[in-house]
Amino acid sequence: MSAPLNDATISQSQPSGVRWPIRRQLLVPMVAVVLLAVLSATAITALWIADRERRDEAKNLRRVAQTLGNAPFPLTGSVLWQMKGLSGAEFVLIDPQQRAEESTLRLERSWLEQLASVARSAPKRSELITAQRTRAGGGTDQTSVTLGQRDYLVVIVDVPDRLRKGAASRLLILYPEDELAARVRQAVYPALLSGLVAACVAVAIASWLARRLARPIGSLVGRTAAIAQGDFTPMPLGRRNDELRDLAESINRMTEQLAGYEREVRHNERLRTLGKLGASMAHQLRNAATGGRMAIELHRRECPGGEKDESLDVALRQMRLMESYLRQFLSIEPSSPAIESRVDMSRLVSDVLALVRPSYVHAGIELQFVAPSTPICLDGDPESLRQLVTNLVLNAADAAVAGGATPPQVRVEIDRDEKGRGTIRILDTGRGPDPTVCDRLFDSFVTTKPDGFGLGLFVARQVAERHGGQVRWRRDGEWTCFSFEFPTDA
């Protein structure tokens, strides 16, 4: 027995105030991880590209400086202008008196003083070469200077005067830092753009995956809600093969079980209702039918000529058939054990056919009975066995009339197979059971007749199983065959 729910238990079972759909629970972590990975990779790539661009530009400046420092030709203005067009740098040649001999840059006086100060503070060429060789990581002799509104990287080269012997000059190579920044941006932008595109694609894929995972969960929620409303239709499984499919299969199995429980509950409720509402009325009708039969038999004995009156025989048979119907109704769930005896099945079938023959004649049905050459006996309850045969014979009559054959025919056969089991076959020329109820033909309350209760074959199956036999049906050409197979007392 479960413990009663207290306030703490109830409060723990209640959801939080903010609803957090499972789609978001899947999407947010996935997008966060993907964006972090993509943006980190993009940032690292951009930094690496920027550093590589700066290093490449520094190497280019060093190569230009080495080329001009070792040039065998004088560094005239035309040569410097050509080098500017090739490298994009500005060149200023300063003599020992700190004057600008040549310049590709229009210099102001304050600028010249700055450049002269930078030139004076630079080491000698021999010291510069030694420093470049010993500096770790391939460092450079670059410095920076601001001229007007622009910042420049400055590389200084010692140039011997090739026009005046004994005099030396210094060449300042100035590279605009804004152009370097522009080159870095041009190199970094593609990486940033590709990272942004990759992030958008990753977010779209993550959204699609989250939606794809959340959609079947939503279907499961809808299916369970439908089950709660009493709809036990199984849900389609689809082609996916994962845990969600396993969950859907479990829900379908649960649905089948619930549908079976519902059918069983309805069946029990119908039987209970039938027992409560009909038992009393059926009992009274049976007593009335028994009284009517006894009155006819008494009239037959006391009235002259009653013994030869065929109409009285028909009335007696009909009254006995009515009693059989009422006995069938009252014995759906027998309350007391039946009295078993040795039953000659051939004689029992003959008695049943004698009861129903007037109905067959009235309906224009040809009735044939193929009796066995030797008796076939069964130890059982004669009343319930008579009820079984009566149900099968009456069903055959209804099916033959509805089948449309001219004339309708019913044939009853009894024989014994080589294994010693007896078989009663009732064949009719009807169309056979409706395909919609073939699988449930022997269940209770299953019928396609407008005025039927769906109890005849159900009772027949119960009687057959209590006697160790079984009831089957098959379609044999133009005939429909219901058979009762039972163990014989051979």
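The figures here come from the full heavy-atom set of this structure, side chains too, leaving out hydrogens, waters and symmetry mates. None of the values given here were measured: they were computed from a predicted structure.
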When rounded to the nearest 0.5 angstrom, what is the spacing between [atom1] in [X] and [atom2] in [Y]?
X: R106; Y: L147; atom1: CZ; atom2: CG; answer: 14.5 Å
X: L385; Y: F486; atom1: CG; atom2: CZ; answer: 8.5 Å
X: S207; Y: I205; atom1: OG; atom2: CD1; answer: 10.0 Å
X: M254; Y: T224; atom1: CE; atom2: OG1; answer: 7.5 Å
X: R472; Y: C481; atom1: CZ; atom2: SG; answer: 11.5 Å
X: L174; Y: L153; atom1: CG; atom2: CG; answer: 9.0 Å

Non-neighbouring partners of T233 that pass side-chain hydrogen bond (donor to acceptor under 3.5 Å, both in side chains), sequence neighbours left out: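 By the side-chain hydrogen bond (donor to acceptor under 3.5 Å, both in side chains) rule, T233 matches D231.
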If you look only at distance, which donor and acceptor atoms sit under 3.5 Å apart when one is on a side chain in residues 44-52 and the other is two or more places apart or in another chain?
residue: T45; atom: OG1; partner: A41; partner atom: O; Å: 2.7
residue: D51; atom: OD2; partner: R55; partner atom: NE; Å: 2.9

Does L457 form a side chain to side chain contact (heavy atoms under 4.5 Å, CB included) with N391? I'd like the steps, not just the answer. CA-CA 7 Å; L457 294 178; N391 290 342; 5.9 Å; no
Can you give me the closest heavy-atom contact between [X] and [Y], atom names plus distance?
X: V401; Y: A363; value: CG2-CB, 4.0 Å
X: C438; Y: W473; value: SG-CZ2, 3.9 Å
X: G88; Y: P176; value: O-CD, 4.0 Å
X: A89; Y: I173; value: CB-CG2, 3.9 Å
X: R421; Y: D417; value: N-OD1, 2.8 Å
X: P408; Y: A400; value: CB-O, 3.4 Å

How about [X] and [Y]: do any of their side-chain heavy atoms sit closer than 4.5 Å?
X: F484; Y: T423; value: no
X: V92; Y: L171; value: no
X: S384; Y: H467; value: yes
X: L388; Y: R461; value: no
X: V410; Y: I426; value: yes
X: D443; Y: F458; value: no
X: W479; Y: T429; value: yes
X: T480; Y: L427; value: no

Is there a side chain to side chain contact (heavy atoms under 4.5 Å, CB included) between L105 and Y152 once you walk through the steps? CA-CA 12 Å; L105 183 65; Y152 294 90; 4.2 Å; yes
Pairwise salt bridge (Lys or Arg N to Asp or Glu O under 4.0 Å) hits with a residue in residues 247-259, at least two apart: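 Non-adjacent pairs meeting salt bridge (Lys or Arg N to Asp or Glu O under 4.0 Å): R245-E249.
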Under-4.0 Å salt bridge between R466 and D381: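 Salt bridge: no.
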So, are R411 and D428 salt-bridged, with charged N and O less than 4.0 Å apart?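 No, no charged N to carboxylate O under 4.0 Å.
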Give a yes-or-no answer on whether the side chains of E90 and T104 include a donor-acceptor pair shorter than 3.5 Å.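 There is such a pair between these side chains.
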Start with the C-alpha gap between K84 and F91, add the side-chain angles, then the distance that decides, and say whether side chain to side chain contact (heavy atoms under 4.5 Å, CB included) holds. CA-CA 7 Å; K84 176 182 177 180; F91 297 90; 4.2 Å; yes
Dump the intermediate steps for side chain to side chain contact (heavy atoms under 4.5 Å, CB included) on F482 and R425, then the final yes or no. CA-CA 6 Å; F482 281 83; R425 285 182 290 272; over 6 Å; no
